[in-house]
Amino acid sequence: MELLRGLVQTVVIIVVMAVFMEMILPGGDMRRYVKMVMGLLIIVAVLQAAAGIIDKGLAQDIPQVAVPEAGPGVVPLEDILAAGNELSEINREQARQKYAEGLAKQVMSLARLNSSLQVADARVVLDEQSNKISSITIVVHAAAAGRQDDEGSGTAVNIRPVTVDVQGGGREPAGAPGAAPTPAERKAARTMAEILADFYNLPAGQVEVVFR
Amino acid sequence: MLLAAFSPCTAGAAQDGGLGIDALVGELEMGDIQQLVNRMDREIKDALPESDFKSLVRGLASGEISLQPAELFNQCLNHLFREVVANSALLGKLVVLAVICSILQNLTGAFEKGTTGQLAHMVAYLVLVSIAVGSFGLAIQLGREVVDKTVVFMQALLPLLLTLLVAVGGITSAAMFHPVIFITVTVFGIVIKNIVLPLIFFAAVLDIVSGLSKHFQVSKMAGLLKGAALGLMGLLSTIFLGVMAIQGVAGAVGDSLTYRTAKFATDTFIPVVGGVFSDALGAIIRSSLLIKNTVGIAGVLIIALILAVPLLKIIIMAFIYKLAGAVIQPVGEEGISDCLNGLGNSLVTVFAAVATVGLLFFFVVAILVGLGNITVMLH
C-alpha cells in the first residue's frame, strides 16, 4: 500500500500545482500546454508506481496477508481436540450414569412382575470400556424378614444378605438368623434371574439375586 | 430480528433437555472471551444483558435472559440521535465554509484581477476539504479499529465453538475447519483493514482533489481505486462463504457416518437395550448442542454490539456530509456540493466494508452452529 500511498500523494501535489499555475499564468494557449505537461507528469507517476509494483512484487507490498498456520490468535488443533474430547468424556459419563439408572429401573419393573418376591432394589454395573452390562444385582426381601418387619417389633433385626446364583450354586451364607429364604422363594429367584439373563442376552452368571 | 427468533428456541430446548447445562458451561474455558468483554467500551457493556460471558450463556440457555428487540432498537435510535447532535458542529462548519466559498465566488468579478477571488475561493475550499478529510480519516480509523476488535473477538470465540463442535461429535468437521477458518477470518480482516479501507480513503482523496479545478480531473483514477476496493471485497466474500459452506457440509457428513456406524454396532449387537445408551448419549449431546448454539448466539450478540456503535457513527457522518451537500447546492457552489456528496458516498462504502466484515463473521458463527445441528441431526 506504500506505493499506492506515494502515487496518491504525488497526484495530489501535481493537481494542486496545476491549479496554482492555472491561476498564476496569464490566460491563453500557455494554459493548455501547462495542463498537458501536468497530465504527462501524472502518467509518469502512475508508470513509476506500476514499475515499483512489478519490481517488488505485490505479495511483498502486502506482507501481512500471508498468515502463518500457527501464530498469535491461532489455537492449535490438538488443544481444541483435547478440550473437546474432555467435554465429550464428561458427556459420556453422564450418559453412562443415566443409562445405568434407566436400566436399573427397567430391571426392577421386570423383576416386580413376579409377585411371589418382594423386590427392594436393582443395581446395574456397566463395563467402562464397552458400556455393556457387566452385572445385574437384584435385592429381594426374604419372606421371613418381611414378616418380622411387618410385626413391627421395633428392634433392629440382624439380617445378613442371601445370594442366589442362577448357575446353580446359590451363595447362601451359613447361619443367617431369621432371613433365610424359603425354598419357594429360592426357586422364584432363580427363575427370575434366568428370565432377566435371557432378556438382556447375558450369561447366567451376570445376574444375581440377593435376599435381605 | 434474528436474535429474537433464536431466543424462544433456546429457552424451549432448555426446558426439554437441560441435562447438566451448568456443569458443562462450568467446564468451558471462556477466559479469553471474558477478558475481551471486560475491555469493551462502557456503552457496549451496558447494552449487554449480562457482562459475565458464562452467566450470559447460562441465562440464554435456560431462557432466563431473553433478548428484547424493541429495547435494542430503542437504544440504537437513542444513539443515532446522540450522534446526530454530536456531529451537528461539523455540519455547521461545513455549511458556513461553503457559504463563504460561494460568496467569494460571487465576488470574484469585483476584484481587479479575477485570480485574486479565485485564490481566496481555493483557500476556503482547501480549509473545508481539510476539515472534511480530517473527519473522514477519523471514520476510516474507526472502521479499522472495529475490524481489528471483531477479528480478535472471533479468534477468541472460534476455539470455544470448535471445542463444543468436537464435544457434539464433529471431530472431522473441527479438524477440517480448524486451519481454514482461522486463516480466512484473519486474512479477511487484514485485507479489509489494510487494503480495502485505505483504497476507499485514497479514492475519496482523489475525488476531493478533482473538485479543485474543473479543467484538471482525476476522478477516473478515484473511480478505479473505489472499484478495485469493492471488487476485492466481493471476491473475498464469495471465496470465504464458498469455502466455509463446502467444508461444513463435507465435515458434517463424515462425522455422522462415523457416529451412525458406532450406533448401528451398539443397537444391533445389544438387543432391547442397545438403543438406550445411544439415546441417553443423544440427549446429553443435545444439551451440549444447546450450549454451543447459545455460545454462538452470545458471540453474535457481542459482535453486533462491537460493530453497532462505530457503524452508527460512520453512517451518521455520511448522512451529515450528504445533508451538507444538499444544503449547499442551492447556494450555487456546485463543486463543493459534489465534493461533500462524494465524501458521503465514500463513507457509505466504508460502512458497507465494515458491515461486510460483521456479516461474514456472523455467517461463520452461523455455519459453525448449523454444522453442529446438522451433525446431531444426521445422527
Side-chain angles (χ1 to χ4, degrees), chain A residues 1 4-5 7-9 11-12 14-16 18-20 22-24 31 35 38-39 42 46 62 64-77 79-88 90-99 101-103 106 126 130-133 199-201, chain B residues 19-20 23-24 27-29 115 118-119 122 126 151-152 155-156 158-159 162-171 174-175 178-179 182-183 186-187 190-191 194-195 198-199 202 205-206 209-210 212-213 215-216 218 221 225 266 270-273 276-277 279-285 287-288:
Chain A
M1 293 313 285
L4 206 57
R5 185 194 295 272
L7 172 66
V8 172
Q9 270 175 356
V11 169
V12 169
I14 291 170
V15 173
V16 173
V19 173
F20 271 112
E22 199 182 346
M23 281 190 283
I24 293 163
R31 282 194 177 187
K35 191 189 166 195
M38 288 298 168
I42 287 186
V46 171
I62 36 175
Q64 290 120 309
V65 173
V67 176
E69 282 197 15
V74 181
V75 179
L77 179 65
D79 292 1
I80 291 174
L81 287 179
N85 286 333
E86 207 175 297
L87 272 183
S88 225
I90 293 170
N91 281 347
R92 197 165 279 277
E93 189 51 48
Q94 273 193 349
R96 195 182 289 130
Q97 223 172 324
K98 296 263 169 210
Y99 174 49
E101 283 169 14
L103 269 181
Q106 199 178 33
L126 299 173
S130 64
N131 293 315
K132 289 178 183 170
I133 301 168
F199 188 80
Y200 291 111
N201 197 21
Chain B
L19 294 164
L24 272 175
E27 289 292 328
L28 291 173
E29 172 54 44
T115 46
Q118 209 180 340
L119 189 69
M122 203 185 123
L126 284 177
V151 169
V152 170
Q155 283 173 343
L158 284 175
L162 285 175
T163 302
L164 283 161
L165 186 65
V166 172
V168 298
I171 298 167
H178 175 264
F182 279 102
I183 289 170
T186 315
V187 166
I190 287 172
V191 169
N194 291 353
I195 298 175
L199 276 178
F202 295 153
V205 168
L206 289 177
V209 167
S210 285
L212 278 175
S213 165
H215 309 114
F216 207 85
V218 279
M221 199 184 281
L225 293 184
T266 321
I270 311 173
V272 184
V273 291
V276 178
F277 178 69
D279 287 349
L281 192 60
I284 303 277
I285 281 176
S287 60
S288 286

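Naming: A, B, ... by sequence-line order, numbering from 1 per chain.
The contact between B/L162 and chain A is made by backbone and side chain atoms together, counting heavy-atom distances below 4.5 Å. Contacts of B/L225 with chain A are made by side-chain atoms alone, with heavy-atom separations under 4.5 Å and no backbone atom involved. Only the side chain of A/I42 has a heavy atom closer than 4.5 Å to any heavy atom of chain B. Contact of A/A83 with chain B is made through backbone and side chain together, with heavy-atom distances under 4.5 Å.
Side-chain contact check for A/L81 versus B/I171: some heavy-atom pair is nearer than 4.5 Å. No side-chain heavy atom of A/I14 sits under 4.5 Å from any side-chain heavy atom of B/V218. Contact check for B/V209 versus A/V11: no side-chain heavy atoms found under the 4.5 Å cut-off. By the 4.5 Å heavy-atom criterion applied to side chains, A/I80 and B/L158 are not counted as neighbours.
Between A/K35 and B/F216, the closest heavy-atom pair is O-CE1, 3.5 Å.
Scanning for salt bridge (Lys or Arg N to Asp or Glu O under 4.0 Å) contacts around A/E93 gives A/R96, with sequence neighbours left out.
Rounding to the nearest 0.5 angstrom, the gap separating the CD1 atom in B/I195 from the CG atom in A/L4 is 10.0 Å.
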